[in-house]
2 protein chains.
Amino acid sequence: MNKRPTIRDVAAMAGVSVATVSRVLSGDYPVANATRTKVQRAVRELDYVVNAHARALSGSTSNVVALVMYDVVTPFFAFIASGVEYQATESDRLCLVCTTHGDPDRELEIVKLMREQHADAVILVGGVNMTDDYRERMYRYAKGLEDAGSRLVLCGRPSLGPDFPAITVEYDNAGGAFSATSHLLSSGHRRIAMLGGPIGNTTFDARLDGYRRALEAFRVSVDPALITHGDMSQDSGFRQVQRLLADGVEFTAIFAANDFVAAGAMRALRAAGKSVPDDVSVIGYDDTPFAPELTPALTSVHLPHEELGRTAVKLALQRGEGSTRQHVMLGTHIAMRDSVRPLI
Amino acid sequence: MNKRPTIRDVAAMAGVSVATVSRVLSGDYPVANATRTKVQRAVRELDYVVNAHARALSGSTSNVVALVMYDVVTPFFAFIASGVEYQATESDRLCLVCTTHGDPDRELEIVKLMREQHADAVILVGGVNMTDDYRERMYRYAKGLEDAGSRLVLCGRPSLGPDFPAITVEYDNAGGAFSATSHLLSSGHRRIAMLGGPIGNTTFDARLDGYRRALEAFRVSVDPALITHGDMSQDSGFRQVQRLLADGVEFTAIFAANDFVAAGAMRALRAAGKSVPDDVSVIGYDDTPFAPELTPALTSVHLPHEELGRTAVKLALQRGEGSTRQHVMLGTHIAMRDSVRPLI
DNA sequence: ACGATTCTAGAAAGCGTTTACCCTACGCGT
DNA sequence: ACGCGTAGGGTAAACGCTTTCTAGAATCGT
């Protein structure tokens, strides 16, 4: 195992000073052609690569963006990660990925690690419980990261206000729920069950809010019996529908907090001998890749996942005045498939 | 924006030398309790965090593992990534994620970046085209990374031989295909179509090989008309079945190269008025999360995705003799569901 | 009570870059 | 001819940490 060559070795072989080598490599400073060639030859000869840590230490930019999310396999997160990774490499950055699995301690740990790394940007993804504790925590994060020269980006979660030192990139969560519910309403449905997610989570609260607003816009009263809660799993959807059925609640349509819940709901309906969409229409949220594969293909609210990720990186990396506290909201649309049918 | 504090600031505030602060922080060297407390107080007071780059430069371990894969959203990769991320944080490492989208130039670029970063491990994931060019490329990678102090790990792709300076962590790809095919054969099926992936790819070649070996074991002759190829998408599965049907090829079961292909195949069968599993049994590969959600729920070969990732990291990080060239093979099993039925 | 250990902690030499600063030589306007 | 601006390149000082070397103080054995 050879010792890896340093810039000094290159300088020696090329017969120039280290400064010259550095200049050839970064390409900013004028260097005579003959010299440049000599250096480049030496670099190739020695198979030299710079030491990123030395460069970061000296130059003080690490070329890394960090992505912090719940997990890596849920399509919602995976697609945002995909956008982040895409834009990061586009911008010549590397992409650090960390998961919290919902553990605030782990999150704190990660933010600390990112301060150590001097990440150019730290992107926190996904809904949260908007408590005072949360706000305070974020404020500490923002301060710490700012001192380390990093940008904090809140992605797919609400802004903490225009004065908060972070960039926010969200999608129109409530708007999507409004559209979905309106779609059912304008198809004639009036008894629409809302299978919600965990209470208190910004993402699912907003979806519930959109549902309510749509009903109000159509002058349909909100029946609390139609609103249930659970976690975001298929099992949860299954059980919520079972409960509804057992309780004898009447409904002709379901708006599910996300596609997993919708899938579980459809399974429960099938188990109960009800047909989708003939007896009950179902609409999901997130437009997960498996939505079109379900039977029937699931109508769902499509999110610009990848663009959320890309935008987060783009804004964070864009140096300039006032760029530290921006707020972008991306739109959603309904992907119409076969799980919704007009009520005759 | 305050300038971030350095170890000198901490030392000054605590009234000790920087060496002492460093020792308190890393915790290896004996330090008097009183001193330790003073230092810790100063650290807290200043909200100090070490500079990872300075540490890496000085200490020469970066605490980063790098994951290089085709993309980030395909479940196969996402689950391996999950395992890698899990084990990495378990081992106090950060996880860099890069995607190639199949571009060898990008891969080369990434390996170079990882040499710059002094990643502890570089994990290359997924099947490849096993050409001489590929071997040579890997050899260059291995050399370059070795000099940079990194371990090269081949994950979910074949070993390059016991002398090749890399760790290999694969799953029994052909074995899984053998089991799947055997499952169909022992259910009485004899005309089993194999919907293959791209020709030349180690992953799909191995699956085809397992299929062949199972037929031979059951003394069923291999009919080339039953073997088709395509890419790994649902569309591909759809078209391959359409073609088979159009050509009038007889079959009572399908073994698909992966679950996406299987999903497309089931769609094509349904479109042709054939029932799964009454008319045709179908079995997939990878046991993707949507497999149980299909109608009927898809029987599939389950892979230890997460364990592949975890093992890759574990082996790479385990220092010791001979640990640079190991070969681990993990097993698979069939997840039985509703898409296979015995032939009466 | 005295040399020999054992603790504890500081000084300083790197680690491999970048970059501010300095110097030389050359071309050019006047 | 002469000063001057500029291209080209070298020197050395950071950057913030780890770690070796060294040494004083405290403890111990006899």
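Lettering of chains follows the sequences in order, A, B, ..., and the numbering in each one begins at 1. The basis for the numbers below is simple: all heavy atoms, side chains too, and nothing from hydrogens, waters or symmetry mates.
- Between the CG atom of Asp9(A) and the P atom of dT17(C) there is a distance of 9 Å, given to the nearest Å.
- Close to dG10(D), at under 4.0 Å from its OP1 or OP2, lies a side-chain N or O of Ser17(A).
- Rounded to an integer number of Å, the gap from CG of Asn33(A) to P of dA7(D) is 14 Å.
- When the nucleotides dG9(D), dA12(C), dG16(D) are ranked by their closest atom to the side chain of Tyr29(A), dG9(D) comes out on top.
- Taking atom CG of residue Asn51(B) and atom P of nucleotide dG16(D), one finds them 7 Å apart after rounding to whole Å.
- Taking atom CZ of Arg8(A) as the reference point, atom P of dG16(C) lies 8 Å away to the nearest angstrom.
- Neither side chain, Tyr171(A) nor Glu307(A), offers a donor N or O lying under 3.5 Å from an acceptor on the other.
- To the nearest angstrom, C1' of dC15(C) lies 11 Å from NE2 of His53(A).
- Salt bridge present: Glu107(B) and Arg137(B) bring a charged side-chain N and a carboxylate O closer than 4.0 Å.
- Atom CZ in Arg55(A) sits about 21 Å away from atom P in dC17(D), given to the nearest Å.
- For Thr20(B) and Ser58(A), each mapped to the nucleotide of DNA chain D holding its nearest heavy atom, the one lying further toward the 5' end belongs to Ser58(A).
- The interatomic distance linking Leu57(A) (CG) with dA14(D) (C1') rounds to 9 Å, in whole Å.
- Side-chain N/O atoms of Arg23(A) and base N/O atoms of dG10(D) include a donor-acceptor pair closer than 3.5 Å.
- Side-chain contact check for Asp71(B) and Thr74(B): at least one donor-acceptor pair (N or O, by modelled atom type) lies under 3.5 Å.
- Within 4.0 Å of Ala32(A), counting heavy atoms only, lie sugar-phosphate atoms of the nucleic acid but no base atom.
- Counting only heavy atoms from C-beta outward, the side chains of Asn51(B) and Leu57(A) approach each other to under 4.5 Å.
- With rounding to whole Å, Ile7(A) atom CD1 is found 19 Å from dG14(C) atom P.
- Considering only side-chain N and O atoms, Ser22(A) lies under 4.0 angstrom from the phosphate OP1 or OP2 of dT18(C).
- Within the 3.5 Å criterion, the main-chain N or O of Glu146(B) finds no donor-acceptor partner in the side chain of Ser150(B).
- Nearer to the 5' terminus of DNA chain C, by closest-nucleotide assignment, is the contact made by Val16(B) (compared with the other of Val16(B) and Ser26(A)).
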